Amino acid sequence: MSVGEFKPLVVAFCCNWCSYAGADLAGTSRLQYPAEVKIIKVPCSCRVNPLFVLRAFQKGADGVIICGCHPGDCHYSTGNYYTRRRITLLYSMLDYLGIEKGRTHLEWVSAAEGVKFATVMNKFVEQVYELGENRRLEDWRCKS
Amino acid sequence: MYKIDKDNLPELFKFLTKNGTDVFAPVRKGNQVNFESFTDEVASTLDLDTLKTVRSPKDFVLPQVEHLFDATIENKQIKLETSPLADKPYVIFGVRPCDVKGIEVLDNVYLKDPVDKFYQARRAQGVIISLACTNPQQTCFCKSFNIDAANPQGDIAIWLINDSLNWKSLTDKGANLTTQVKHLLQESSDIDEVEACQKDIQLKIDALPYSRGLPLDKFTPDKLLEIFNDARWDELSKACIACGTCTFICPTCQCYDVKDYDAGKKVKRYRCWDSCMYSDFTLMAHGNSRNTQKERFRQRYMHKLVYHPDKHHGEFSCVGCGRCVNKCPSSLNIVKVIKSFEVDN
Amino acid sequence: MQELMKAKAQEMLSNGSVTRVLAWKKGDFETNPEPAFFTKHVDDMVYNQYCATNLSNFMVGVEKEEGKTLVFLKPCDTFSFNQLLKENRISRDKAYIIGVGCEGVKVIDEMQETGALLEKCNVCTKIKHMVYDELIGEDVTRRVTDDPLTRFKDIEAIEKMDAGERFAFWQGEFSKCIRCNACRNACPPCGCKKCVFDNDNYDTAQKANVTTFEEQMFHIIRAYHVAGRCTDCGECTRVCPQDIPLHLLNRKFIKDINALYGEFQAGADIETLGPLTDFNIDQDAEPSIVYDRG
Amino acid sequence: MCCSTHDELIPQIGVITAIKTETSDVKTFSVVLADGKGKAFEHMPGQCAMLSVPGIGEAMFSITSSPTNTECMEFAIKACGKLTDYLHTLEVGNQITIRGPYGKPFPVDDVLKGQNILFIAGGIGFAPVRSVINYVLDKRENYGDIDIVYGARSASDLVFQDEINTRYKNDIHLTVDRQEEGWTGNVGFVPAYLKELGFKTDKTAIVCGPLIMIKFVLAALLEMGFKKEQVFTTLELRMKCGFGKCGRCNIGSKYVCKDGPVFRCDELDTIPDEY
């Protein structure tokens, strides 16, 4: 693949109750967000095991974004408080290992924030475009 | 016999790599010495003084991972694309006498009925240049397995005396390589010097703590059941934490697993080293024939000391390199096992 | 000290107050004692500066067995014991803990002293036993440093590199990994019955590092699974046959946890919630703190 | 052997030409080469083959058909693991990979020739035995009397019903573990039934089934006056290569894949009890 053709793959883990509904709202409101984003619905953002993030990269993702309810709004009361700590540590570790910071992101998106969802996705995909193809966390077997 | 100065080795290696032969030689990185591919960058960190590389030269004939084929499934049709066999010549430089024997043990498994073609191809491409152990260490017990550290085997043998390498080719492969690099070697007839070096090595070996005879005569195939059922295995295996360190650094451990990796567009099948210390080694749908760590631990040592000799005319599949003595997290090792059988029950 | 320990162990075995003794047994050399269970005589027991193994981990193995176990623990090993206790993997009443002093564990190579102490001993601050029934001998444990931050010096050095350098550094280290699982098996909190890397239902169970990705994945996930539970006992680095500085991963988590969620030492007690099983509604930082710093 | 130009670990491609549902969890698959060249290889009764679906796994299966079946090879497979579950989802026309044959067969052309043979099988253990029975029936003149004792957990777990009702009808004695409606045959475990039937000892026995059954059948046979030398059995352990290299299927110094899977029962006394 030459550089000019680079089209990233972005995986978005969205919580069922807020962010996934937010994405829905973005869709029904006819707001544009990039087709590079592939959404995976999870019951709660705290369902996202660090292994999921790594495996998304392994299978060819160039960026991974996790979306959940705003702190305080979790459908399960406290799920996203755990997410907050876990993902902070994970991102910090990835940074420590020399993985580009821009490849991972976490954003709180409520069911009412269709606009925010679209904006966040646009911005994140743009950021991944700038970073280019994921090289540091890739598994060549899944690319060839 | 030939000679070459230690300082001229990089030149020799460069000549070989330029002519399409990969060279692997012991290179120091941090606290460790391992066989690395020779490049200009590593020339300054060549290390012929450290006795043992952490990983054994088994890597070159039986790599930890070997791709077998790629499979694609399209429209219910399976297509296989077989991985090519090794076809690039290489030289492993500085293999210790015990490790040379280790490769011979692997040969006896992989080059016989049926021949393993991947192994055979790698083996055929390689020239082994062995290095006598001028400074054997106290974890060595090669003498117990009748390996002469002063008389290394392989294709070419080398004695390092006062920074100069005494070079003697032992096989046709070795002779061919010698001819190829003759212009970089000097003729030599210092047989006395080599003999003196050999004597010196043998004296040092004799003085090692483990050279005073391990009771290997206790391990004979006719006593297979008796040893297998011995109560001592319980005690011996208690400290084992079921890691694969001993297996993976061992120059003769030969078991492998066959695995598939589904990479989306294709499935990659490869084989990789496996360890009998792992619980899934013998796990089947209906159960496990070796359920406890004691059984797994016993399997490893029984294989080395009884099963392998039973199948291969009395040849032990341990060469006394001492790597397990050095590296076991729980300080277990084959010497402790052998010694514990010294007294009959 | 060794003689006191032997006498005590023999006494407790003989009068039946314990069924077995977990300690170290003499090896072929002075330098390679192995962890061992004694049930009758303790003649072969030793205790010296080569007794490195964290015996707490072996307590998990005898949890299901009958009777009480007398176990000798160095100060830092007691943290692991507490951590295991907290996770209900061992029970307190099945152990009789005798705390022994520690002057640091010596590094050996080819069964010979190298003159160095284990890295963890060079930055040791764990001088007190966290849990014990009895302390034996005079206290020989020495404090190395009064500055608890000393142990984060190496981490800071890596943090100061740029991303490319960090990546190159870790690639160099991870590429040495032979996936022998020694770090996993020697680690007290790493105790899943079926490790995700052994579970055939996932394609993470590949047994070997086929690609550089798998080297990274194994170590990131392993470190992450013990984040907030790692007592920094240093067993992973000690047992690694390939000398990978694995403690630098675990300690990075500890450093982050301390900085973000307040000082925490796993194994210091058995009541405090672990940092990853707890939260602070108002004060926890957002993950964006990672993007914002340097 | 297959692919003489390349390594033994590289399989051939086979295609499933028929699937017969034997019981709720056993299906018999007929396999030929995908390139239309017929059977993948010739084998002898008791030998095994490595079947695989790339991406799912590879495992050793005994070949259920007799070599006298010149058209295809059959495998009776019970769904009990990752690969076997997947195989059960396959349809006629799907491809799998196959390599073999592996192992030492039953000595049908020497020791067993001219003998009266007693076949004893339990559950899916009938699969390898069927290969021998069909071989013997197809070369009937070479052998003496034959008897088959076959047991399963319930009547619906009996495999190869068609053949039981036709070809084997006159020679077979069936038993199920527990009484059930509509079952008129014997009820009880195989070893007990065996003693009840009370065979003469002028036979050679071939036993296959769950390990625990093999052990009890052997005890029963010895009690009835059989010698261990008269009894053959076939074992299985986890295998990866199939030819004595991968190092896991050994019992003592014998590899089940290469020195077995068929063992004469007196041989079992010389190897450790680790199977």
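Residue numbers begin at 1 in each chain, while the letters A, B, ... track the order of the sequences. Predicted model only: the values in this text are computed from it and were never measured.
Scanning all heavy atoms of the two residues, the minimum distance from D/Phe243 to B/Pro114 falls at CD1-CG, 3.6 Å. The shortest heavy-atom contact between B/Tyr256 and D/Cys241 is OH-CB, 3.2 Å.
Heavy atoms closer than 4.5 Å to chain B are found in both the backbone and the side chain of D/Leu237. With a threshold of 4.5 angstrom between heavy atoms, D/Thr270 approaches chain B through N, CA, C or O but not through any side-chain atom. Residue contact with chain D, scored on non-hydrogen atoms closer than 4.5 Å, involves the backbone of B/Val115 exclusively. In this structure, the portion of B/Asp280 lying under 4.5 Å from any heavy atom of chain D is its backbone and not its side chain. Interface remark: B/Thr282 contributes backbone and side-chain atoms alike to the contact with chain D (heavy atom separation under 4.5 Å). Of the atoms belonging to D/Ile96, it is backbone heavy atoms, and not side-chain ones, that fall under 4.5 Å from chain B. Contact annotation for B/Leu224: only side-chain heavy atoms (C-beta onward) come within less than 4.5 Å of a heavy atom of chain D. With a 4.5 angstrom heavy-atom cutoff, B/Ser83 touches chain D only via backbone atoms. With a 4.5 angstrom heavy-atom cutoff, B/Arg300 does not touch chain D via any of its atoms. Looking at B/Phe228, the atoms closer than 4.5 Å to chain D (heavy atoms on both sides) all sit in the side chain, from C-beta outward. With a 4.5 Å cut-off on non-hydrogen atoms, B/Asn288 does not touch chain D at all. The contact between B/His303 and chain D is made entirely by side chain atoms (from C-beta outward), counting heavy-atom distances below 4.5 Å. Interface residue D/Asp269: only backbone heavy atoms are found under 4.5 Å from chain B. For a residue to count as touching a neighbouring chain, one of its non-hydrogen atoms must lie under 4.5 Å from one of that chain's; by this rule B/Tyr110 touches chain D with backbone and side chain alike. For D/Ile271, the part lying near chain B is the backbone, with the side chain staying farther off; criterion is any non-hydrogen pair under 4.5 Å.
Using modelled atom types, no side-chain atom of D/Arg238 and backbone atom of B/Met284 make a donor-acceptor pair closer than 3.5 Å. Side-chain atoms of B/Lys311 come within 3.5 Å of backbone atoms of D/Ser253 as a donor-acceptor pair (strictly under, hydrogens ignored).
The choice from B/Arg271, B/Gln120, B/Gln254, B/Arg290 that makes the most heavy-atom pairs within less than 4.5 Å of chain D is B/Arg290. Ranked by heavy-atom pairs under 4.5 Å with chain B, the list D/Lys82, D/Lys254, D/Glu236, D/Glu91 is led by D/Glu236.
Residues of residues 256-264 of chain D lying under 4.5 angstrom from chain B, judged on non-hydrogen atoms, are D/Lys258, D/Asp259 in numerical order. Contact residues of residues 16-27 of chain D toward chain B are absent (heavy-atom distance under 4.5 Å).
Taking SG from B/Cys255 and NZ from D/Lys240, the interatomic distance works out to 13.0 Å, rounded to the nearest 0.5 Å. One distance of note links OH of B/Tyr270 with CG of D/Leu9; it measures 14.0 Å at 0.5 Å rounding. Residue D/Arg248 holds its CZ atom at 12.0 Å from OH of B/Tyr278, rounded to the nearest 0.5 Å. Interatomic distance, D/Glu274 CD to B/Glu295 CD, rounded to the nearest 0.5 Å: 5.5 Å. B/Asp262 contributes atom CG, which lies 7.5 Å from atom CD1 of D/Ile56 (distance to the nearest 0.5 angstrom).
Heavy atoms from other residues, nucleotides or ligands lying under 6.0 Å from OH of D/Tyr86 number 12 at most. Enclosure of atom CD in D/Glu229 by more than 12 non-hydrogen atoms of other residues, nucleotides or ligands within 6.0 angstrom is indicated. More than 12 heavy atoms of other residues, nucleotides or ligands sit less than 6.0 Å from atom NZ of B/Lys223.
Residues D/Ser52 and B/Arg269 are in side-chain contact: their nearest non-hydrogen atoms beyond the backbone lie under 4.5 Å apart. Counting heavy atoms from C-beta on, the side chains of D/Cys246 and B/Asp257 never come closer than 4.5 Å. Within the 4.5 Å cutoff, the side chain of D/Pro54 has heavy atoms near those of the B/Ile78 side chain.
Under 4.0 Å is where a charged nitrogen must lie from a carboxylate oxygen, and between B/Lys117 and D/Glu8 no such pair does. The residues B/Asp116 and D/Lys245 are annotated as not salt-bridged, no charged nitrogen and carboxylate oxygen being separated by less than 4.0 angstrom.
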Evaluation steps, side chain to side chain contact (heavy atoms under 4.5 Å, CB included), between D/Gln95 and B/Gln77: CA-CA 6 Å; D/Gln95 294 190 343; B/Gln77 308 271 307; 3.8 Å; yes
Working for side chain to side chain contact (heavy atoms under 4.5 Å, CB included), residues B/Phe118 and D/Ile10: CA-CA 11 Å; B/Phe118 289 99; D/Ile10 310 295; 4.1 Å; yes
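Between the side chains of B/Gln299 and D/Asn250, at least one donor N or O sits under 3.5 Å from an acceptor N or O.
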